[in-house]
Amino acid sequence: MTQTHHHTLGIDIGSVSVGLAELDPEGRILRTAYRSHQGNVRNGILSALADFHWPWTGKVAVSASTPDGIAFDRSYDNRVAIMAAARRLHGEVGTLLLVGGETFGAVFFDAAGNYLNYRANTSCAAGTGAFLDQQAGRLNLPGIEALAEVASQNNRDLPKIATRCAVFAKTDLIHAQQEGYALGQICDGLCHGLARNIVNTLFSIDPPLEPILFVGGVSQNPAVKDHLRSLTGKQVIVDRYGPLYGAIGAALLLTEERDAP
């Protein structure tokens, strides 16, 4: 079995999911896991750890959103961790867009790559993964992944759906169905409305510099990504580690500290 005492395990627990990333001493990503915890964080972590060497003998770094009860060596601010992962995986980016289960926000940089400011949504979950998951249930789909797949196949007109409010969205879904819109059109309309809400909330005052690095669980929704690109007119980058930047960044920061003289 591979020795892990020099490796670092990053853990990031959000409102709906668990993300884990194992890094070697050079900061290379060796193994990752991403699970929905459905409110049971303990079971979510145990399920994710099934993909890793156990018992763990290396260092553990967590993001600040990780709840109490988990033993760790260092904790790091979520935004700092995500920016560390972004720098490692993509170098300099113009804007860092994070859309998770219940929150979304953007980190703005200047043309030289220096941090400018951070803007986020209100406490309302509209425009997040939880909102899409709720609407998927209303459409008798098993979850957000199924909604994203159906939406990405649409090439027809979109119904207008009020994604700033779950109550209005329910009414609009009913109206769209009554007007004869197909499931793919409705799903794509939801994704377009979510992207529009993000753009109006985050970018109406501070236009984003490109490239926009799109991370968080919703970054894996290709329909949302395409609508963000269309609405902003900017290059939008997504990678397979999108939901794991908090875990990867926390592990990177601890790895760098261990290497410091």
Side-chain angles (χ1 to χ4, degrees), residues 78-79 82-83 85-87 89-122 124-133 135 144-145 147-165 168-169 172 184-246 249:
N78 288 66
R79 270 178 275 167
I82 291 170
M83 285 189 286
R87 286 193 300 270
L89 297 175
H90 293 280
E92 291 185 359
V93 297
T95 309
L96 180 55
L97 173 64
L98 170 64
V99 185
E102 293 185 353
T103 60
F104 64 84
V107 178
F108 295 87
F109 302 95
D110 64 19
N114 300 309
Y115 174 88
L116 285 177
N117 68 303
Y118 177 76
R119 185 182 300 277
N121 67 321
T122 64
C124 177
T128 64
F131 174 83
L132 281 185
D133 206 39
Q135 307 317 311
I144 188 173
E145 294 84 2
L147 186 148
E149 182 178 357
V150 173
S152 65
Q153 297 172 3
N154 178 59
N155 57 9
R156 301 164 64 188
D157 293 340
L158 306 179
K160 291 184 178 180
I161 300 175
T163 55
R164 291 187 66 86
C165 175
F168 292 152
D172 286 349
Q185 293 172 283
I186 294 173
C187 291
D188 201 15
L190 281 165
C191 292
H192 178 269
L194 184 143
R196 184 180 63 242
N197 186 30
I198 292 169
V199 170
N200 290 343
T201 302
L202 300 180
F203 302 146
S204 59
I205 297 176
D206 298 313
L209 293 181
E210 61 181 345
I212 300 171
L213 177 58
F214 182 20
V215 303
V218 180
S219 69
Q220 304 304 288
N221 184 319
V224 173
K225 176 198 171 185
D226 289 343
H227 291 309
L228 285 170
R229 183 175 57 210
S230 175
L231 290 166
T232 62
K234 306 289 186 180
Q235 179 188 9
V236 179
I237 301 172
V238 171
D239 66 40
R240 64 191 178 100
Y241 294 120
L244 294 158
Y245 272 57

At what distance, to the nearest 0.5 angstrom, does CZ of R229 lie from CZ of F214?
12.0 Å
Interatomic spacing from CG in L132 to CD1 in I144 - rounded to 0.5 Å:
4.5 Å
Shortest non-hydrogen pair, L231 vs A195, comes out as CD1-C, 3.8 Å
Between Y245 and N78, do the side chains contain a donor N or O and an acceptor N or O under 3.5 Å apart?
no
Which of these, V93, N114, L116, sits in a side chain to side chain contact (heavy atoms under 4.5 Å, CB included) with F109?
V93
Compare every heavy atom of C191 with every heavy atom of N221, then report the nearest pair and how far apart it is.
ND2-SG, 3.6 Å
Determine the minimum heavy-atom distance between D157 and N154, stating which atoms define it.
O-ND2, 4.4 Å
Mind checking the CG-CG spacing from L147 to D133? Nearest 0.5 Å is all I need.
9.0 Å
If you compare all heavy atoms of G100 against all heavy atoms of V218, which two are closest, and at what distance to 0.1 Å?
O-CG2, 3.8 Å
Check: T95 side chain, L209 main-chain N or O, donor-acceptor pair, under 3.5 Å
yes
Could you tell me whether the side chain of Q135 and the main chain of C187 form a donor-acceptor pair under 3.5 Å?
no
Does the side chain of F203 come within less than 4.5 Å of T232's, by heavy atoms?
yes
Decide if atom CD of E210 counts as having more than 12 heavy atoms of other residues, nucleotides or ligands within a radius under 6.0 Å.
yes
Please report the shortest heavy-atom distance between R79 and Y115, naming the atom on each side.
NH1-OH, 4.0 Å
So, N121 side chain and T103 main chain: donor-acceptor pair closer than 3.5 Å or not?
no
Determine the minimum heavy-atom distance between V107 and Y118, stating which atoms define it.
CG2-CD1, 3.6 Å
Apply side chain to side chain contact (heavy atoms under 4.5 Å, CB included) to L213 and L97, showing your working.
CA-CA 6 Å; L213 177 58; L97 173 64; over 6 Å; no
For the side chain of S204 and the backbone of T201, is there at least one donor-acceptor N/O pair under 3.5 Å apart?
no
Return the CG to CD distance between D239 and Q220, rounded to the nearest 0.5 Å.
7.5 Å
From K225 atom NZ to I212 atom CD1, the distance as rounded to the nearest 0.5 Å
11.5 Å
Interatomic distance, Q185 atom CD to L190 atom CG [nearest 0.5 angstrom]:
12.5 Å
If the condition is salt bridge (charged side-chain N to carboxylate O under 4.0 Å, His left out), which residues does R119 pass it with, not counting sequence neighbours?
D206
